[in-house]
J.: 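The following block contains the structure, expressed as C-alpha cells.
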Amino acid sequence: MFSLTQQEKTVVLFLLGLALLGLGAQALFKRYARVRDLPQLSFKKEKINLNNATEEQLVSLPGIGPVSAHKLIEYRQANGGFTDLADLKLIKGLRNQTLEKIEDLVVIE
Amino acid sequence: MNNKKIPTGFLGVFCAAFCSGIVLAAYTRVSLPAFYFYAFLAFSCAAFSLDKSFRFGIFICLLAVFLGGTFFRNSQFLCADHIAKLTPYKSREAVLRGVIISDPVIGNRRTTFILDTQEVIINRRTRASGRVQVIFFGKNDFFYGQELTLEGKLYRPMNFSLGKKLRYRDYLQQQGIYSLFSTKRVEHLRKNQANPVQALAFWLKHKIQQILRRHIRGVPLAVLEAMLLGERQGIPAYLSTAMMHTGTIHILVVSGFNVGIVAFIALLALKIMRLARRPRYFVTILIIILYCLITGASLPVVRATIMAIAILAGKLLKREANVYQSLSLSALLILFFNPSQLFNVGFQLSFASVLALIALYPKIYALFPEKLCRINMLRLLIQVFSASSSAWLGTVGLVAYYFNIFSVLGIPANMLIAPYASLITAAALSLVFIGASLPALAFLFAASAELFALILIEINLFFSHLPHAYFNIPQLNFIYVFIYYAALILFVLPQK
C-alpha cells in the first residue's frame, strides 16, 4: 500500500508524531490558559471642545453623523460658539438620547 | 496526464481520510481527548507495523481520520482569554487594543478590517487573543500592521442567512472571527506591527490600484480591480447577478485561473529576458507568492499558489510533478491551518472545479474522434469545450445545492469568456507594468484594457438576457448532490 520505502515510512511517521505531539501541547496550553488582568489601559479620554472641534472629531462622537456635525459647526459659526451644553438642545435633529451620550465626552471652553 | 490510472498516491488517500475525520468531528459529539487518544493509538500501531506495508497503510489512514478530527476539535477549542469567550451576549461598551491584520476595506461611510486583539477592557483590563471584525464609522487612515486602541461596542455576529445554507455567523467563524466591534473612537499607536512581507504586498497592491484608478473609471475599473486584485466592492449588482446566472462569476474572483495567467506571463517574460531555466522557475515561484499576498491570500489563490509551487519546484528539481499530489498537498496545508475551511463554499467549489478539470478533461477530450483532433482549429475548440464542460460538471452540483441556480449557458459562456478573461488579465498586467515604468504611454494600454473590460461586460449581459439562460431550482437535498458526485466519480474511475 502507498509503495513507500522504509525510510519514507519513518519520515512520514516522524512528521505525524510531531504533529500529534504539537496538537496535544497546544490543547493543553489552551486548557490551562488564564485570563490575566493588566493595569488600566492608557486610552486617551480627552474631551472634545465643541467650540474648536473639527468635523472629523465631531463625527467620532457617538450618535453624531456627518449631518449633525455640519449642523453643530453651522450653529457655532452663526452664534459665535457654544456657551453652555444646553445650547445643543437648540440644534434641530439632535435627540436627547444623543445629548446624554455625548455630555461626558465634550467640553465647552 | 494518465488516462487509465488515477495516480492519487499517498497524499491523495491521506487527504481524503483527513477530510473524513473533519466531517466525523463536525457531525458527531466525539470529544477532543477521545480523538487524540484514538490518533495516538493508530500512531502506535503504525509504528509497530513499519515492516508490514499493508497494515502500515491501514493504520496511517486511521491516523489521518483521527488527526482530522483532532485538528477540527482543537480549532474549535478556544482558550480562556480568547475574545470570543470575553464577548458578552448583549452588545456592550468596550475598549480594544490590537493590530490590524487585513487590508482595510473602505466603504462610503465606514471602514472594515480585522483586528488581532491583544488587550480588552470590559469590566476590567485583561489580556486577550483572537480576531475581531471592526467596523469603523467615519473617515480615518487605517492600514495593515497598525496598532490601535478602539473604544466602541463589542458584540456577537447575528445569525442571519446569506442563502438557505449560508449563514453569516458560520461564514465568519470559518475565518476564525467570533466577535464584531463597531466604533467611532480610535487612537493610533505604533505602525508596522505585523508581517513585513505582507505589508510590502499590500503596499504593492495600493500602488497597482493607483495606476488602474489613474487611467480607468467606472465599471471597467471595477472589473479590472476584481480580476487582478480580488477587490469586488465596485462591481455593480446587475453585473455580478448576470455573471452568476451565466456561471462566469469565477472570472471576478482571483483564483487559480489568475495565478496560472500570472505564472504563465512571468515565465514568458523571463524567457524573453533570456533568463536560464532554473532561475526562471525560482523567480516565478517568488512572483506567485507575492501575487498571492497582494490578493489577500484568499482560499483559491492559496490553493493555486501551493499547486503551482509544487509543480514549479518539481521542474526545478527535474522531477515529474503529479497534479493530484500537489492538489492534495494544497488541501492538506489549508486544512491543517484551518480545518473549518472544509465547509467553506469557496473551498469546495475551488477544489471541485480543479479536481474535475484534472480527472474529467481527458475523458471528455477522448470522446471526440481522433480525426477531428488532428485539425488545429478544431482541436483548440475541443480543448476549450472539454475544459469548460469538465469545470461546469465539477461545480454544477454544489452551485445547485448552495445557490439554487442551474446555469444552462455555463459551458458556452465559459468557452468564450474564460479564454477572453486571460486576454483581459494580460492587458491589465501590461497596463500596470507600463504605468509603473513608462507612465506617458500608459494611456494606450489603459484604453485597450478598458475596451476589453467593456466587451466582457456586454458579452455577459448578452448571455444573461438570453431566454432560459438559467433556472432557479427548488432547495436540493444533499443526498441528490451526493448521488450526482458519486456518479461522476464512477464515470472517472478506470473501467476494467
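Residue numbers begin at 1 in each chain, while the letters A, B, ... track the order of the sequences.
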J.: So, B/Lys184 side chain and A/Ile64 main chain: donor-acceptor pair closer than 3.5 Å or not?
T.: yes

J.: Out of B/Thr126, B/Leu32, B/Asp81, B/Leu86, return the one with the most heavy atom pairs under 4.5 angstrom to chain A.
T.: B/Thr126

J.: Output the residues of residues 330-340 of chain B for which the shortest heavy-atom distance to chain A is under 4.5 Å, in residue-number order; output 'none' if no such residue exists.
T.: none

J.: Can you establish whether the number of heavy atoms outside B/Lys153 located under 6.0 Å from its atom NZ is more than 12?
T.: no

J.: Is it the backbone or the side chain of B/Phe136 that comes under 4.5 Å from a heavy atom of chain A, or both, or neither?
T.: neither

J.: Given a strict heavy-atom distance threshold of 4.5 Å, which part of B/Leu63 is in contact with chain A: side chain, backbone, both, or neither?
T.: side chain

J.: If only atom types and distance count, is the side chain of B/Arg55 paired as donor or acceptor with the main-chain N or O of B/Ala46 below 3.5 Å?
T.: no

J.: Kindly indicate whether a cation-pi arrangement holds for B/Arg156 with B/Tyr89, taking the cut-offs as under 6.0 Å to the six-membered ring centre and within 45° of the axis.
T.: yes

J.: Work out which heavy atom in A/Leu20 is nearest to a heavy atom in B/Leu67; give both atom names and the distance.
T.: CD1-CD2, 3.7 Å

J.: Checking B/Ser326 against B/Asn322: is there a side-chain donor and acceptor pair closer than 3.5 Å?
T.: no

J.: Please enumerate all residues that pass side chain to side chain contact (heavy atoms under 4.5 Å, CB included) together with B/Ala26, with sequence neighbours excluded.
T.: B/Phe72, B/Phe343

